[in-house]
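Notes follow the structure.
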There are 2 protein chains.
Amino acid sequence: MTSRARSGAPSAPEPPSSQAPGTVRPGGRTARTRAAVRDAVLTGLVEHGYPGLTVEYVAEHSGVHKTTLYRRWGGVEGLVADALDLAGEDSWTPPDTGSLQGDLRALAQEIADTFGDPAGAAAPAAFIAAAFQSDRAAEALRGFYAERFARCAPLVARAVERGEAPAGTDPGALARAVSAPLFLRLFITREPVDAAAAGQAAEAALAATRAGVYASPA
Amino acid sequence: MTSRARSGAPSAPEPPSSQAPGTVRPGGRTARTRAAVRDAVLTGLVEHGYPGLTVEYVAEHSGVHKTTLYRRWGGVEGLVADALDLAGEDSWTPPDTGSLQGDLRALAQEIADTFGDPAGAAAPAAFIAAAFQSDRAAEALRGFYAERFARCAPLVARAVERGEAPAGTDPGALARAVSAPLFLRLFITREPVDAAAAGQAAEAALAATRAGVYASPA
């Protein structure tokens, strides 16, 4: 489940398909071990949550010896942080539909689709939950999203070039704006995220962008 | 800590000061018992998180017998859900500064202030974390925020009357819009929430409101 291919979303910590178990890739055995450990961590988080995740569980499900796990990752916190770091090493790029409105709507819909699929939502939700209990997981999550949001720079550059957004619009602020209303529904107010919610998130971010809310003063 | 008085915020499940332990109020002994149990649940959630909260802990810290807790609340899930229901029974009303912009800025700043104070943030954060592990807590959280956001109706009515917002603007959508970027930072991306973040959240919600994003089609 955790290794199935999905379209990347800014919200979805997920394994790039090139790291499917058994695939030969640069890094070889070490990278395969890391991927196997990461898969076991994800499965454990989804099954038992952070409070129930143990090094023993990861050892059993990855086939990597407990002493190796302790030596290389230190313990459960290190395992979760590294799994999240690895999830960030994919090739996701933001949508490129030809208009800012189209890009923002596609971005919001990607998030809604990812989290609307229980299998797709399980791992990212487990990471978000783990961050409530582990400072290292919280730090890794912060790094994951900062890097993910920064990838939206080309989307904003194209919009500025087309005259759809003010010069100086902050890509991170815009990416956060599109994501925020959906994450609020998913993880705080526990409300459904549907196409209407995604569309409204995109339109709100568009209106605020046009009004210059995300542009730094010249 | 959990019973200290704070200004209400849409984000803060917190005990109204009239329910401080020992206060005589309508409901008498039953209400006092419920408040004592609620205080013990909050303390336990803050100290141990949902996975570590037990009926034994609540019995010990509330002075209410375990069998009574099981009979009236069923168990930990019921205790958490009821504590959240009780937290929603306060007298919070949205800011009334004379302008929509002022109201939204004040609302965003209230959220930032509440969660910027570790003591103020602990209980609501514990509820949000509990909802990852308990469906009943998630349901109670959904109810809490739905009711809280609905209280913003007068704020929107005043803005429509002043011509600052389109008729048909949805108070719940606007309240969610102001809250969402701050909750994203607090609980998903784990970034600081400061006055700048609060101001940007308010201005974005204002721009989207003016653009009619939260108005239902006439």
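The shortest side-chain heavy-atom distance between A/R142 and B/T189 does not fall under the 4.5 Å cut-off.
Atom CG of B/D135 has 12 or fewer heavy atoms from other residues, nucleotides or ligands within 6.0 Å. For A/D194, the CG atom counts as densely surrounded, since its 6.0 Å shell holds more than 12 non-hydrogen atoms of other residues, nucleotides or ligands.
For B/A211, the part lying under 4.5 angstrom from a heavy atom of chain A is the side chain only. The part of B/R185 that comes within reach of chain A is its side chain, from C-beta onward, which places non-hydrogen atoms under 4.5 angstrom from that chain. Interface remark: B/A177 contributes no atoms to any contact with chain A (heavy atom separation under 4.5 Å). The parts of B/Y214 that come within reach of chain A are both its backbone and its side chain, each placing non-hydrogen atoms under 4.5 angstrom from that chain. Interface remark: B/E139 contributes no atoms to any contact with chain A (heavy atom separation under 4.5 Å).
Shortest non-hydrogen contact noted between A/V213 and B/Q200 is O-NE2, 3.5 Å. Contact record, A/A208 with B/A207: CA-CB, 3.9 Å, taken as the closest heavy-atom pair.
To the nearest 0.5 Å, atoms CG (A/L184) and CG (B/L182) are separated by 10.0 Å. Rounded to the nearest 0.5 Å, atoms CG (A/L186) and CD1 (B/I188) are 8.0 Å apart.
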Take B/F187 and A/F132, measure what ring pair (Phe, Tyr, Trp, His ring centres under 6.0 Å) needs, and give me the verdict at the end. CA-CA 8 Å; B/F187 298 116; A/F132 281 88; 5.6 Å; yes
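In terms of non-hydrogen atom pairs under 4.5 Å with chain B, the most contact-rich of A/A201, A/A126, A/P51, A/A129 is A/A129. Among B/R210, B/E203, B/E191, the residue making the largest number of heavy-atom pairs under 4.5 Å with chain A is B/E191.
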